[in-house]
Amino acid sequence: MLDHYIRAKRAEKDILLMTHIVLGYPTMDKSLQIVRAMVEAGVDLMELQIPFSEPIADGPVILAANQRSLEQGATVAECMEQAKQAVSGHTIPFLFMSYYNILYKYGLDRFAADAGDAGITGTIVPDVPPEEGEEYLQAMDTRNLSPIFIYAPTTSDERMRYIAQYARGFVYCVARKGVTGEATAFSRELDEYLARCRAATDLPLALGFGVKNQADVDFLKGKVDIAVIGSETIRVIDEQGVGAVGDYIRGLAA
Amino acid sequence: MLDHYIRAKRAEKDILLMTHIVLGYPTMDKSLQIVRAMVEAGVDLMELQIPFSEPIADGPVILAANQRSLEQGATVAECMEQAKQAVSGHTIPFLFMSYYNILYKYGLDRFAADAGDAGITGTIVPDVPPEEGEEYLQAMDTRNLSPIFIYAPTTSDERMRYIAQYARGFVYCVARKGVTGEATAFSRELDEYLARCRAATDLPLALGFGVKNQADVDFLKGKVDIAVIGSETIRVIDEQGVGAVGDYIRGLAA
Amino acid sequence: MAKPGYYGPYGGAFLPEILVATFDDFREAFASAKADPSFWQDYLDLMSTYSCRPTPLTHAENLTKHFGGAQIYIKREDLNHTGAHKANNVMGQGLLVKRMGKTRVIAETGAGQHGVATATMAAKFGFECTIYMGEVDVLRQRPNVFWMERLGATVIPVTEGTRILKDAINEAFRDWVRNMDSTHYVMGTACGPHPFPEMVTWFQSIIGLETRKQCLERVGKLPDRVFACVGGGSNAMGIFSGFLDDGDVELVGVEAGGHGVDSGEHAARLASPDASVGVAQGYKTYFLQDQDGQMRETHSVAAGLDYVGVSPILSHLRETGRVRFSAATDKEVVEALELTIKKEGLIPALESAHGFVQAFKEAPDMSPDQVIVINQSGRGDKDIFTVADAFGDPKWEKFIKDKAEEYHA
Amino acid sequence: MAKPGYYGPYGGAFLPEILVATFDDFREAFASAKADPSFWQDYLDLMSTYSCRPTPLTHAENLTKHFGGAQIYIKREDLNHTGAHKANNVMGQGLLVKRMGKTRVIAETGAGQHGVATATMAAKFGFECTIYMGEVDVLRQRPNVFWMERLGATVIPVTEGTRILKDAINEAFRDWVRNMDSTHYVMGTACGPHPFPEMVTWFQSIIGLETRKQCLERVGKLPDRVFACVGGGSNAMGIFSGFLDDGDVELVGVEAGGHGVDSGEHAARLASPDASVGVAQGYKTYFLQDQDGQMRETHSVAAGLDYVGVSPILSHLRETGRVRFSAATDKEVVEALELTIKKEGLIPALESAHGFVQAFKEAPDMSPDQVIVINQSGRGDKDIFTVADAFGDPKWEKFIKDKAEEYHA
Ligand SMILES: Cc1ncc(COP(=O)(O)O)c(C=O)c1O
Ligand SMILES: Cc1ncc(COP(=O)(O)O)c(C=O)c1O
């Protein structure tokens, strides 16, 4: 299972890297290229976002990538297909990230089945809290996919424990208030929050939102198991092209 | 007195003509020229309108003449002066026509005095009904000026008799509803109305509003003492120039 | 009052003879309506089911705090149907027209408010409707013209005279003398020949009656001062009517100071030495006129106050000292408007904002247990074209330019 | 209802974790306010002193005669302060924000009505205010933007997505997840995550409660049918709330049929087969979406109905059969608007006119002792730019062109 993979990997490394891409951005072909470059550069997990027209929890960078991908005609079926290709030949776990409506309209069971068939390991769906997740959890469970849940600095200790009951694989800790792609202060306050997260669950922890460079990643060592790089890779691609991704990732993990 | 003049003149003629001009229209000089032409053409009485900015009872033709005159800077003092010149050397009676505010602001007594000095015989002020005319009547009376009052088709027999008490010189019968310068049907209905006017007062009657040509004037013979030509002379001037006025008037009286 | 229709030396009915009979009928119909309690009841019913009466009295807590003096209350005539107190008068006259059996109404309009109100009333009552509007105003107030036309009214641009409100009044009279059998002239303010000032004041007194009652209920006492803008004087007479007999209630009318009462460009008849007594448009009052009695051009940022005459009743009430008058300049008006919007979320009409100016000047010197009522005679969103210009909003200008481009395409 | 916040299978609170705590507080604050009779009393006091509640119920006698069937009554939400029912919701939320001790409000707006209402409330309560508005709407609805800015609000044009209402909602959520400590998101309709649909409905129920009472008092019986337009569903839920338990009262919601429900260019979620159940913007309901769950572009002449989702409560009420749905096309709407203006002197908002369309279709087949109520959710003068275009008024075009010339000079 996913948490076993993480724990095993962590025995080798101080911290793992999870990166994020939007399927179909800048194009379907290029997003596959990016996946390959990232895996080769040594990332430990990958988040493949299926674009949605209303990505409410995403900031401008990922939002724009969602839109671009949809404008070019990306469909969920195609994303499923591309995901299969992305996964094949790589040994790291791949997760789907999307919004609930994408799964819901596809059919939760069918989604879980197809995702499983594609080799996907789990799903991150930021707009399904456990309270609303009954069907979702059941579908994931049936196909042995890990539903990744989220902690936020505003989540109480009690609620962290509540969420932990439904979480599988790892818990995704959001570093701060706000949406993806904004600056995060890697501070003592963050430490305290992560300590709370740690106390609430035995699962590995990932931290995302605002992780950008080696210093950020270093700060997180010993505090979480996974550093998540989201918007920043898209910025690198936007500014320096797909070819720059490998070097960027290697720079983080150095 | 004015009514004696009218009765005397009527002994000679089936019907008298009263014409109207706006002082200062088209210019002060030309309005004097027009007066001269009219008198020479044989009119029996003349109405000199002192322009007012709100000539509520006048239609578009006379309204425009009022405005033009004021735009060129006509003042009441100047009108008074021009009236004096107009009167001098002519033997027919001249009346001032204006709205009450002109007299009121000038000072009613002063107005009557200056008008009397200028040789003016009477005044037509359409927006002073007898009920509102106490000061006005007194001022006119003091200077022996005839306040001309108006009958309208909507005036009841009773009210005609009431007005007759205050009227001097003659009564100005308005031919129809509406303002100056519109067409009037010279009809049996008009006959009946004029019969009512006749029954209400011993004063001579003038009829105005819409009298335009010889046929109209002929129709009025035996019914009223004076035919009043108002807007139509201004139309003639506007269309054919000041020189055409004499011929036009002669055509009416033929 | 010695003579009927007179208020001291002001008022009267300086009518062309052709209209005398019409006014006899009109006076009689009005007198009988006024004497008939069921008429006023019908009026109240209409206003509470078709418009939104009683309109609220809003405690302006933020403005009160801002000025740190008297408690400021605002009477909300802006919430009337069609957005101003004009509705009161117009609906009342509508009932009277029905009672008189006439089938057509005409009206003058300056800002267009009274025109829209009259056209609305005509639609509701099924009357034919013609609105006279100075050509200059037709151009300035196109949105109101648009709605009048949608309401089924014929809007006639008046090209005579100075092509503004007073000329529209003259044209309306010219229509009336032609069509008085079928037609009633719905005068928009407490001016004109008797019984217009009395009648319009009567219908508008609904404002004052409500305000008095609301004050007693809400504040437990009468207001110390009542402020209202004064164009023709109808909203002012409306609210003042509730307090005329309450000697301790100070009544303050605020006229259009335009570019300043010393500038010659204003419409202050009772608050400047520039006006004098005269007779025009059928009644005697203070007019902004020259020595000869020719009416002068007036100026105000608020089209509805941009008028040469003023209610004869107010001329009289100034003389008796019962009502005090002041003027507010265009600049002060825009500032008071801005402040009121920001502090209270209320958008008074530019006209109404004149009353706010004077109230804001006096409030700080009063004590917190004193009470001020300002009559918000109308809402200001109708003024967007003027207000946007007053604020010089570049985004608004761009919007209009783009819209024009669209139409050119 | 098994789960709180659910209406049959619709509703819920599909929240990003970061907002869960905020919603816990919000839900609690709302529940305590709802349980506290003094809160509702404060709300009634505010609405009767700051807005004009109760709003009248107008008997549309001319329309009734015109159609020769049911008695047509119109509930006059257009007479609210700021010109629409939006004020009810916004003022209620203002009181709640005060109770929660927050100091800043944000809101989305499409037509600008809800934005103006929120900015007004913020001015009145002294809150900071940011309004999110799709860039397309900012351009279309400049007058409302102008007033929001005057009211002290910051208007942020949303350049993401399709740059209309739904995108403004997304942006508002993005603001909220940053600033939830100080900030309340004032949702404008009965949509969004629980407790928004319930809360907005509760505040808007003031419409239905009044209407029910007014009907009984004035007509002596309940209405036979009640019509309301449906954008997000707040005005409809508001008036329907008064009659949900009165089984004999038929409730009819009218959606935006745009160019026709078969044209693909409309915003009919419950009255067309084009919508399907989905989850977006935090709640589950019918959305106009493609097979993949991507939201589609919608179209309506009425900006306030131009939305992909619909209140989950209405989705449920359709399913239970309690509310019947239909759609009105743009063309029908403009015709109904024109007729209503001419016949009654009322100018419904383009949104509201949708309800009129369906009522007019059904009234002739009903008997004169039956009673229809239409909810006139807002006034249409805000729509002048759209309505003038719909009527293709050349004089309006000329006015705008001339105004643009002035600005170019
Ligand atoms: C909102 C508003 N207030 C005031 C006035 C001035 O009129 P009055 O002095 O008769 O109240 C007008 C006239 O158009 C108006 O529209
Ligand atoms: C006047 C008016 N009516 C109706 C609506 C639609 O909203 P709802 O369905 O929430 O009442 C709007 C939205 O802006 C509106 O402005």
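Side chains are part of it too, since the values below use all heavy atoms of this structure and drop only hydrogens, waters and symmetry mates.
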Asks: Do any pairs count as a ring pair (Phe, Tyr, Trp, His ring centres under 6.0 Å) and have a residue in residues 61-82 of chain B, sequence neighbours left out, and if so which ones?
Replies: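 Qualifying pairs: none.
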Asks: Return yes if some donor-acceptor pair links the side-chain N/O of C:T109 with the main-chain N/O of C:G115 below 3.5 Å, else return no.
Replies: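 Flag set: sc C:T109 to bb C:G115 pair under 3.5 Å.
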Asks: With chain B, which of C:G12, C:P193, C:A13 has the greatest number of heavy-atom pairs at distances under 4.5 Å?
Replies: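 Counting heavy-atom pairs under 4.5 Å, the top option is C:A13.
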Asks: When you measure from the side chain of C:T189 to the backbone N and O of C:C191, does any donor-acceptor pair fall under 3.5 Å?
Replies: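 Not a single qualifying donor-acceptor pair exists.
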Asks: Taking atom types as modelled, find out whether C:E265 and C:H299 have a side-chain donor-acceptor pair closer than 3.5 angstrom.
Replies: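 Checked: C:E265/C:H299 side chains show no N/O donor-acceptor pair below 3.5 Å.
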Asks: State which residues pass side chain to side chain contact (heavy atoms under 4.5 Å, CB included) with C:A122; sequence neighbours excluded, sorted by chain then number.
Replies: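 Checked C:A122 against side chain to side chain contact (heavy atoms under 4.5 Å, CB included); matches are C:V105, C:F127, C:C129.
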Asks: Do C:D306 and C:L165 have side chains that approach each other closer than 4.5 Å (heavy atoms only, starting at C-beta)?
Replies: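 No; the side chains remain at least 4.5 Å from each other.
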Asks: Measuring heavy-atom distances to chain C, does B:L63 have an atom under 4.5 Å in its side chain, in its backbone, in both, or in neither?
Replies: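 Only the side chain of B:L63 comes within 4.5 Å of chain C.
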Asks: For a 4.5 angstrom cut-off between non-hydrogen side-chain atoms, does C:F23 reach C:P195?
Replies: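 A side-chain contact exists here, since the closest heavy-atom pair is under 4.5 Å.
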Asks: Taking 3.5 Å as the threshold, show me the donor-acceptor pairs across chain C and chain B, one per line with distances to 0.1 Å.
Replies:
unit_1	atom_1	unit_2	atom_2	d
C:K3	NZ	B:E131	O	2.9
C:Y6	OH	B:E132	OE1	2.4
C:A13	N	B:E132	OE2	2.6
C:E17	OE1	B:R159	NE	3.3
C:E17	OE1	B:R159	NH2	3.1
C:E17	OE2	B:T155	OG1	2.9
C:E17	OE2	B:R159	NE	2.8
C:I18	O	B:T154	OG1	3.0
C:G161	N	B:Q67	OE1	2.8
C:K166	NZ	B:E54	OE1	3.4
C:K166	NZ	B:E54	OE2	2.9
C:N170	ND2	B:E54	OE1	2.9
C:R174	NE	B:D58	O	2.6
C:R174	NH2	B:P55	O	2.8
C:V177	O	B:G178	N	2.8
C:R178	NE	B:E182	OE1	3.3
C:R178	NE	B:E182	OE2	2.6
C:R178	NH2	B:E182	OE2	2.5
C:D181	OD1	B:K177	NZ	3.4
C:D181	OD2	B:K177	NZ	2.2
C:S276	OG	B:K105	NZ	2.6
C:V279	N	B:N101	OD1	2.6
C:Q289	OE1	B:N101	ND2	2.7
C:D292	OD2	B:V76	N	2.7
C:G293	O	B:N101	ND2	2.8
C:Q294	OE1	B:S53	N	2.7
C:Q294	NE2	B:P51	O	3.0
C:M295	N	B:S53	OG	2.9

Asks: Measuring heavy-atom distances to chain C, does B:P126 have an atom under 4.5 Å in its side chain, in its backbone, in both, or in neither?
Replies: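 The answer is the backbone of B:P126.
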Asks: Tell me, for B:L103 versus chain C, whether the close heavy atoms (under 4.5 Å) come from the side chain, the backbone, both or neither.
Replies: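 For B:L103, neither part sits under 4.5 Å from chain C.
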Asks: Between C:V277 and chain B, with a heavy-atom cut-off of 4.5 Å, which part of the residue counts as in contact: side chain, backbone, both or neither?
Replies: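 Both parts, heavy atoms under 4.5 Å.
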Asks: So which of B:A77, B:G59, B:P55 has the biggest tally of heavy-atom pairs under 4.5 Å with chain C?
Replies: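 Most pairs with chain C among the choices: B:P55.
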Asks: For the interface with chain C, which of B:V174, B:I50, B:L70 has the highest count of heavy-atom pairs at distances below 4.5 Å?
Replies: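 Max contact count across the listed options: B:L70.
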Asks: Please identify each residue that fulfils side chain to side chain contact (heavy atoms under 4.5 Å, CB included) with C:V177, with sequence neighbours left out.
Replies: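 By the side chain to side chain contact (heavy atoms under 4.5 Å, CB included) rule, C:V177 matches B:V179, C:I18, C:L19.
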Asks: Are the side chains of C:V230 and C:V310 in contact, using a 4.5 Å heavy-atom criterion?
Replies: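 Answer yes - side chains close enough.
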